[in-house]
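Shown next, in C-alpha cells, is the structure this report addresses.
The analysis underlying the following values was restricted to heavy atoms, covering all of them including side chains, and did not include hydrogens, waters or symmetry mates. Bear in mind that the values here come from a model prediction, so they are computed numbers and not experimental data. Chain naming here is simple, since letters A, B, ... match the order of the sequence lines and numbering starts at 1 in each.
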Amino acid sequence: MTLDLSALETSYADFDFGPVDLTVDREVLAVLGPSGSGKSTMLSLVAGITTPDSGSITLDGRELVGRPPEDRNVGIVFQEGALFPHMTARENVAYAGASDDRVTELAAMLELGDVLDRRPPTLSGGERQRVALARTLAADPDALLLDEPLSSLDAPIRRRLRDELHDLFTSLDVPVLYVTHDQRTATALGDRVAIVRDGTIEQVGSPSTVLDRPANRFVARFTGNENLFEGRVVERTADGARVRVGGTTLRAAVSGDAGSDGDESVATGSTVTVSVHPSRVELGAPDGATRTGSDATRAGTDAARANALTGTVARWLHEGTDYRIEVEVGDGIGFTTTVRPPTFDRLGVDRGVELAVSVPPEAVHLIPRSAER
Amino acid sequence: MATRTDHGRMGSVDWLSVALVLGGLLVVYYVAPLASLVLSASPGAVASRLGESSVRSAATTSLLSASITTVVATAFGLPLAYWLARAETRWKTVVLGFVVLPLVLPPTVGGVVLLTVVGPNTLVGDWAAAAGVPLTRSLAGVVLAQTFVASPFVVVTAKAAFESVDETLEYASRSLGKGRWTTARNVTLPLAGPGILAGVTLAFARSIGEFGATMMLSYYPRTMPVEIWVSFVSLGLDAAYPVAILLVVISVAALLVLNTVARNPWR
C-alpha cells in the first residue's frame, strides 16, 4: 500500500499549494509546518475535499483525483474530531457500517468502553479524538490522514495519546499522513518527517535527519534549532571541513553520500550557514579536559575529536523540566542548549559563569547558500 | 456607605429601565389590540359565526391550501436551500436575490405578475384550464399565490439551517464511504431539522395569512383572510371578528411550534 502524490498543485485566491511530490509507504509520515503552510490542504486533496488544479494522487496504484471522497477509502481524522453531535459515541463508531464486534474491539483498543453511550458534547477533548479515530478505523481505510488531532488537548493527555498512537499507527500497516505544527509530536510519531512551507515541501527525512541535518534555515528554526551562524569554509577535505564563524573555527564532519542535504556542494571559500542542534551541544566544567580556548583548531586536526570551546553564560531560562542556556563562545557565536536540573546545579550555571562547550564535528552541519530561498 | 449598584448611584440614568419603558410601549401596542379583539366578540357570537357554512368553507380552504403550499414549498425549497448553502458559485447571490424578491414585493404586485403568467388569456393559464385545472378562481390558484409569497421563508430559513451544519461533518461522513444523499439524510437533515422546521412553520403561517396575491388570483374559493375582508365590507367589523380570532389562534399555535420543537437543541 503506497500513497503517491505527484506534481500536485492547487491554488486559492491568496495561496498556492505545490507542486508537491511525496511518496508514503506503510509508515507514518509527519507533515510539519506553520499554520497556513498548506499542511491541511494536502490532506484535503488526498481526502477529496479539495480538487487539485493538476497532478495526481494514487493509492496502491489507484488514481484518486476525480473520485468523490466516499469513493476513496481514505480515512481522515479532523482537528476537533468532527463527531456527529446527534449520535452517541457508539453510533459514531458504527457509522461506516462496522459490526458490533468490531465496535467493541475498537472501543477496547482505544479505551472507550465507558463513553460509548454518551453524546459527543459531553465527552472530553481526548475522548472525542479517540472516538473520532475509532470511527475512522472502523471503516478500514487504505490510508489514514490526521489533521492535528492532538493540538487542542492538554499537554499530559497529548503526551499519553502520542505514545499510544505510535504503536497503533504501526500496527495499521497503511500509509499514515499526520499533520502537526508541533515539532515534538512530529518527531515522536513520524517514521519520517516532511517540513512544509508556503505550500511546498522543504525537506523529507527521518526525525534525526531533519533535526541534525536541516536542509535550510527554515527547517532548522522550525525544528527548534536556534544555533544558526553565518560562516565561511576555510578548508574542505574528503570527509570534513573547517569553517570560520566569527573568531572561531569549527570542524565539521561532512558526509559525502548523495542526497545528504547538499553537503557535497560545500566548497572551500563558500559562505555557509552553520547549524548545530541544541541537543548536540554539551556543556562541562571549565577546568575539564576539553578546555582549550576558543580557537579549536589548535586542539588538533583529528576530525573525530570534538570542537572544544570555552564560553560564558549569556542568559538562561528555566523551562519547566529543562534549563535553556545560551553560552557565548566568541563574537558571533552564542550556542543555545538545554540541560537537566542536575547538570545545571553541578555546573553552577549563572550569568557570566565560564563553561566548557563541546560540539562533535558530526553535529556541525553546513548548509550551502544555494539551499536558502 | 453608598452601595455600588446602578440604582443607588446618584445622578446616573438607568438606561436599561429607559429601554424597557420605550420598548414596553411597543409591546403594549402589540398585545392590546389582540386582547381587545378577543374581548370585543362574545364567545357565543364567535361560536355561531364559526358554524356558518361560509366560514367553515373558508377555514377548510385556508387549512387545505396552506398545507399543500407548505408541502410544495418544502419539496422544492429544501433542495434549493441546500444548493444555496453548499454550492460554490457567484450565481448564488443572483439566485438568492430572486428568492428574496417575493418577500419584499407587495403581495398584490405578486398577484399581478402571477396573473401575467397563469391568468386567463395566457399560454399557461389557457392550457391548464383546458386540461381541467384552472389556475385562477380555484384551489390551485390559491396554492400558486401562497407558494409565491410563502415559499421564500422555507428557502431562506432552511439555507441558514444548512449553513449552520459544519461542512466538516459532511466530509467526515463521506470519507466514511457515504455518498452525498446518504450524508444529507443521516447528518445534514437531522442537524438542520429544527431550523428547517422553523422555516416550514413560517411558510405555513404566511400561507394562512396570505391575502394580497390570493385576492388577485383566486377570490374564490375564499380563504379566511378573504372571508374577513368580505365580511368587513359587506356586514361590518363585528362580522369579521370571529374569523380574525380563528386566525389569531392558528398564528399563536405556529408561534408555539417555533418556540418549542423548532429550536435547535444542539446549540
Side-chain angles (χ1 to χ4, degrees), chain A residues 12-13 40 43-51 59 64 67-88 91-98 119-122 128-129 131-149 177, chain B residues 78-79 81-94 157-200 257-258 260-267:
Chain A
Y12 302 106
S40 297
L43 295 196
S44 295
L45 285 162
V46 177
I49 297 168
T50 304
T51 310
L59 180 57
L64 295 186
R67 286 171 188 261
E70 58 267 30
D71 198 21
R72 297 189 174 205
N73 207 18
V74 170
I76 180 163
V77 178
F78 292 96
Q79 201 162 3
E80 307 289 337
L83 296 177
F84 307 127
H86 57 305
M87 299 179 191
T88 62
E91 287 164 344
N92 268 279
V93 177
Y95 185 81
R119 284 182 197 276
T122 70
R128 268 202 285 271
Q129 287 302 357
V131 173
L133 184 57
R135 181 180 68 178
T136 302
L137 295 181
D140 281 324
D142 293 333
L144 180 61
L145 316 174
L146 301 104
D147 192 358
E148 308 224 21
L177 267 182
Chain B
L78 285 191
Y82 185 78
W83 183 82
L84 282 169
R86 290 291 183 247
E88 284 169 21
T89 160
R90 291 180 297 125
W91 291 104
K92 266 166 65 170
T93 325
V94 179
T157 314
K159 169 181 172 284
F162 284 134
E163 280 170 347
S164 75
V165 177
D166 186 355
E167 221 174 339
T168 310
L169 297 178
E170 295 182 352
Y171 283 123
S173 166
R174 294 179 67 191
S175 78
L176 294 166
K178 308 296 182 191
R180 246 187 208 284
W181 169 237
T182 312
T183 295
R185 225 180 43 218
N186 291 341
V187 177
T188 319
L189 278 175
L191 290 174
I196 292 170
L197 190 57
V200 170
V257 171
L258 278 179
T260 51
V261 279
R263 195 187 295 148
N264 193 335
W266 295 294
R267 222 155 298 139

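At a threshold of 4.5 Å between non-hydrogen side-chain atoms, the residues B:Asn186 and A:Phe84 do not count as touching. The side-chain heavy atoms of B:Leu169 and A:Pro85, taken from C-beta on, include a pair separated by under 4.5 Å.
When the heavy atoms of residues 70-80 of chain A are compared with those of chain B, the residues falling under 4.5 Å are A:Glu70, A:Val74, A:Ile76, A:Phe78, listed by number.
Heavy atoms closer than 4.5 Å to chain B are found nowhere in A:Leu145, neither backbone nor side chain. Heavy-atom distances place both the backbone and the side chain of A:Ala82 under 4.5 Å from chain B.
Closest of all the heavy-atom pairs between A:Tyr95 and B:Thr183 is OH-CA, 4.3 Å.
Expressed to the nearest 0.5 Å, how far OG of B:Ser175 lies from CZ of A:Arg135 amounts to 7.0 Å.
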